[in-house]
Amino acid sequence: MTHREDMTLTSSGYYVSQEAPIHSDNPVATPKSTPPDILRCAYMEIVVTDLAASRQFYVDILGLYVTEEDDEAIYLRSTEEFIHHNLVLRKGPIAAVAAFSYRVRSAEDLDRAVEFYTELGCDVRRQENGFVKGIGDSVRVVDPLGFPYEFFYATDHVERLSWRYDLHTPGELVRLDHFNQVTPDVPRAVRHYQDLGFRVTEDIQDDEGTVYAAWMRRKPTVHDTAATGGDGPRMHHVAFATHEKHNILAICDKLGALRRSDAIERGPGRHGVSNAFYLYLRDPDGHRVEIYTQDYYTGDPDNPVVTWDVHDNQRRDWWGTPVVPSWYTDASLVLDLDGNPQPVIARTDSSEMAVTIGADGFSYTRADEGEKSMPEYKQGEYKLGHQL
């Protein structure tokens with residue numbers, strides 16, 4: 001890790017440094033093979049148990065556009081997308097995630113993906129006609145962390161609907177923004193994804209160097225994926241972006257009007273990490289969906305890494321609003337390439353929930369005052385058993 005004395009404390013309360021301040025004591029081996037050149041997160045394939053209920057949630061309520069559908073699957077995209085889909089809803093017996101899918105720069109990168117993961121001894125499968133509709137030659141792997149990853153280049157093009165204002169809704173979802181993965185060993189995950197060319201933009205640590213979460217990007221935003229510390233491998237959330245904060249508020253109003261406010265798990269609010277405005281929803285199967293807007297550009301080669309103190313109560317919500325326990329504990333199962341749920345491994349490092357809102361946890365608003373900077377009613381909100 002980068003020690004605090006080697007970081008710069010900013011006037012906003014977080015630290016910055018010029019290196020990714022994370023070190024793994026148990027790294028995945030770095031392959032000699034060249035990794036595939038990843039452009040961006042492109043789509044997620046999730047398994048749902050009730051296709052009609054999921055369609056109502058994602059299409060009728062959230063306003064994603066149907067590219068095509070049949071009795072077994074629905075292919076959805078956001079307004080600005082021109083590739084076939086950003087989300088696949090596939091009917092199945094167990095709610096889970098079948099693939100975190102990334103687009104690569106060229107067809108040759110699929111060869112590189114095969115070589116890279118074969119060298120690591122992973123389960124690697126390639127399908128010339130794709131694993132789903134609308135996607136061509138693809139490689140799927142179970143990565144060393146247990147996640148089902150896909151890489152593709154060829155895809156069917158569809159109409160970009162940015163100019164179809166007659167179709168837009170007040171809560172318009174314009175693009176897929178990122179994934180979030182739950183893993184028991186965050187430094188190990190970071191080290192492996194750095195081998196794939198991801199760069200760390202932000203993280204959460206404590207004074208002892210325990211890493212609770214890290215945000216990593218390929219496109220020049222805060223992240224394409226994040227590693228959240230917890231029992232895993234599991235999927236924490238998939239995130240779609242809106243243009244403005246008012247779009248998120250419109251989604252909340254719509255859910256309230258439809259008497260579906262129980263789908264709102266957390267928010268709306270503003271993150272400290274990423275500086276983005278956010279809303280977390282749960283779909284009919286419990287899959288978590290974030291609606292997200294207004295993070296910042298990270299494309300410069302010397303873009304500083306932001307490190308947050310785990311006890312800073314503004315890291316997760318800039319306004320200091322408590323994080324509900326389910327946000328820390330609940331996540332979706334992920335599948336292997338045969339459709340079987342991956343075993344979940346318990347995290348042995350400290351839990352972010354325990355150290356901040358557990359029985360002995362604490363948070364602060366002003367670091368020099370410690371938890372005394374929090375009024376009694378705010379301290380109570382952060383303790384389990386006092387949140388109801």
Side-chain angles (χ1 to χ4, degrees), residues 28-48 67-68 70 72-76 83-156 176 179 181-183 188-189 192-193 195-198 218 224-225 227 232-235 238 287 332-345:
V28 175
T30 299
K32 296 179 181 178
S33 304
T34 301
D37 188 357
I38 297 170
L39 291 175
R40 58 168 172 133
C41 61
Y43 79 86
M44 179 176 282
E45 181 184 354
I46 63 174
V47 179
V48 300
T67 301
E68 60 179 296
D70 55 34
E72 298 300 319
I74 304 173
Y75 294 81
L76 304 173
I83 70 170
H84 188 265
H85 57 262
N86 297 129
L87 185 68
V88 181
L89 309 175
R90 187 170 304 283
K91 185 178 179 181
I94 301 173
V97 175
F100 300 77
S101 186
Y102 291 89
R103 195 168 195 204
V104 295
R105 190 171 299 278
S106 69
E108 291 72 29
D109 283 300
L110 299 181
D111 298 328
R112 296 185 183 99
V114 170
E115 294 171 3
F116 184 86
Y117 285 101
T118 298
E119 187 177 339
L120 287 170
C122 298
D123 186 1
V124 180
R125 303 184 192 180
R126 187 168 185 172
Q127 198 149 306
E128 182 179 350
N129 296 321
F131 295 87
V132 299
K133 292 181 178 179
I135 301 296
D137 191 7
S138 307
V139 174
R140 285 196 176 185
V141 306
V142 174
D143 80 3
L145 308 173
F147 292 97
Y149 262 38
E150 180 184 82
F151 305 94
F152 74 94
Y153 174 71
T155 176
D156 293 348
L176 176 71
F179 307 137
Q181 305 169 222
V182 182
T183 184
R188 190 168 193 261
H192 173 62
Y193 293 130
D195 286 343
L196 272 174
F198 285 84
R218 287 295 297 170
D224 284 273
T225 197
R234 294 184 297 164
M235 185 273 286
V238 59
H287 294 305
S332 298
L333 295 172
V334 300
L335 304 178
D336 65 18
L337 301 188
D338 294 315
N340 303 306
Q342 290 281 69
V344 175
I345 300 169

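Numbering of residues begins at 1 and proceeds along the displayed sequence. Computed from heavy atoms alone, side chains included, the values below leave out hydrogens, waters and symmetry copies.
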Determine, stepwise, if the pair Arg126 / Asp111 fulfils salt bridge (Lys or Arg N to Asp or Glu O under 4.0 Å).
CA-CA 10 Å; Arg126 187 168 185 172; Asp111 298 328; 2.7 Å; yes
Report the C-alpha separation of Ile46 and Leu89 in whole Å, then their side-chain angles, then the decisive distance to 0.1 Å, and conclude whether the side-chain contact (heavy atoms from CB on, under 4.5 Å) test is met.
CA-CA 5 Å; Ile46 63 174; Leu89 309 175; 3.6 Å; yes
Check against side-chain contact (heavy atoms from CB on, under 4.5 Å), Leu120 and His192:
CA-CA 11 Å; Leu120 287 170; His192 173 62; 3.8 Å; yes
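Put simply, the side chain of Phe151 does not reach to within 4.5 Å of the side chain of Phe116, judged on heavy atoms. Contact of the Val132 side chain with the His84 side chain is not registered, since no non-hydrogen atoms from C-beta on lie closer than 4.5 Å. Using a 4.5 Å heavy-atom cutoff, the side chains of Met235 and Phe100 are in contact. Counting only heavy atoms from C-beta outward, the side chains of Asp336 and Asp123 never approach each other to under 4.5 Å. Considering only heavy atoms from C-beta on, Arg125 comes within 4.5 Å of Asp338 through its side chain. Leu176 is listed as a side-chain neighbour of Val238, based on a closest heavy-atom distance under 4.5 Å.
Among all heavy-atom pairs drawn from Asp195 and Ala29, the shortest one is OD2-O, 4.2 Å. Annotation for Pro233 and Val334: closest pair O-CG2, 3.5 Å, computed over non-hydrogen atoms. Shown here for Pro341 and Leu333, the closest heavy-atom pair between the two residues is CB-CD1, 4.3 Å. Closest heavy-atom contact between Ala113 and Val139: CB-CG1, 4.3 Å. Scanning all heavy atoms of the two residues, the minimum distance from Ala42 to Asn86 falls at O-ND2, 3.1 Å. Pairing each heavy atom of Leu110 with each of Asp137, the nearest pair is CD1-O, 3.1 Å.
Residues passing the side-chain contact (heavy atoms from CB on, under 4.5 Å) test with Glu115 are Ser33, sequence neighbours excluded. Taking Tyr153 as the reference, Arg103, Val104, Ala107 meet the side-chain contact (heavy atoms from CB on, under 4.5 Å) condition, with sequence neighbours excluded. Partners of Arg105 according to the side-chain contact (heavy atoms from CB on, under 4.5 Å) rule, which considers only residues two or more places apart in sequence or in another chain, are Asp37, Leu39, Asp109.
With values rounded to the nearest 0.5 angstrom, Cys122 atom SG is found 13.0 Å from Phe147 atom CZ. In this structure, Tyr117 OH and Asp143 CG are separated by 5.5 Å, a value rounded to the nearest 0.5 Å. Summarising the geometry, atom OH belonging to Tyr75 is positioned 11.0 Å from atom CG belonging to Leu87; distances are rounded to the nearest 0.5 Å. Between atom OG1 of residue Thr67 and atom CG of residue Asp156 there is a gap of 9.5 Å, rounded to the nearest 0.5 Å. The OG1 atom of Thr155 lies 5.0 Å from the CD1 atom of Ile83; values are rounded to the nearest 0.5 Å. Here Asp224 contributes atom CG and Arg218 contributes atom CZ; the two are 8.5 Å apart, rounded to the nearest 0.5 Å.
Counted by atom type alone, Ser332 and His287 present one or more donor-acceptor pairs between their side chains at under 3.5 Å. Looking only at atom types and distance, the side chain of Glu108 has a donor-acceptor partner in the side chain of Ser106 under 3.5 Å away.
Under a 4.0 Å N-O distance rule, the pair Arg140/Glu150 qualifies as a salt bridge. One finds a salt bridge joining Glu45 and Arg90 here, because a Lys/Arg side-chain nitrogen approaches an Asp/Glu carboxylate oxygen to under 4.0 Å.
Other residues, nucleotides and ligands contribute over 12 non-hydrogen atoms within 6.0 Å of the NZ atom of Lys133.
Between Tyr149 and Tyr102, the angle of the ring planes lies from 30° to 60°, which puts this pair in the tilted group. Classified by interplanar angle (parallel below 30°, tilted 30° to 60°, perpendicular above 60°), the ring pair Phe198/Tyr193 is perpendicular.
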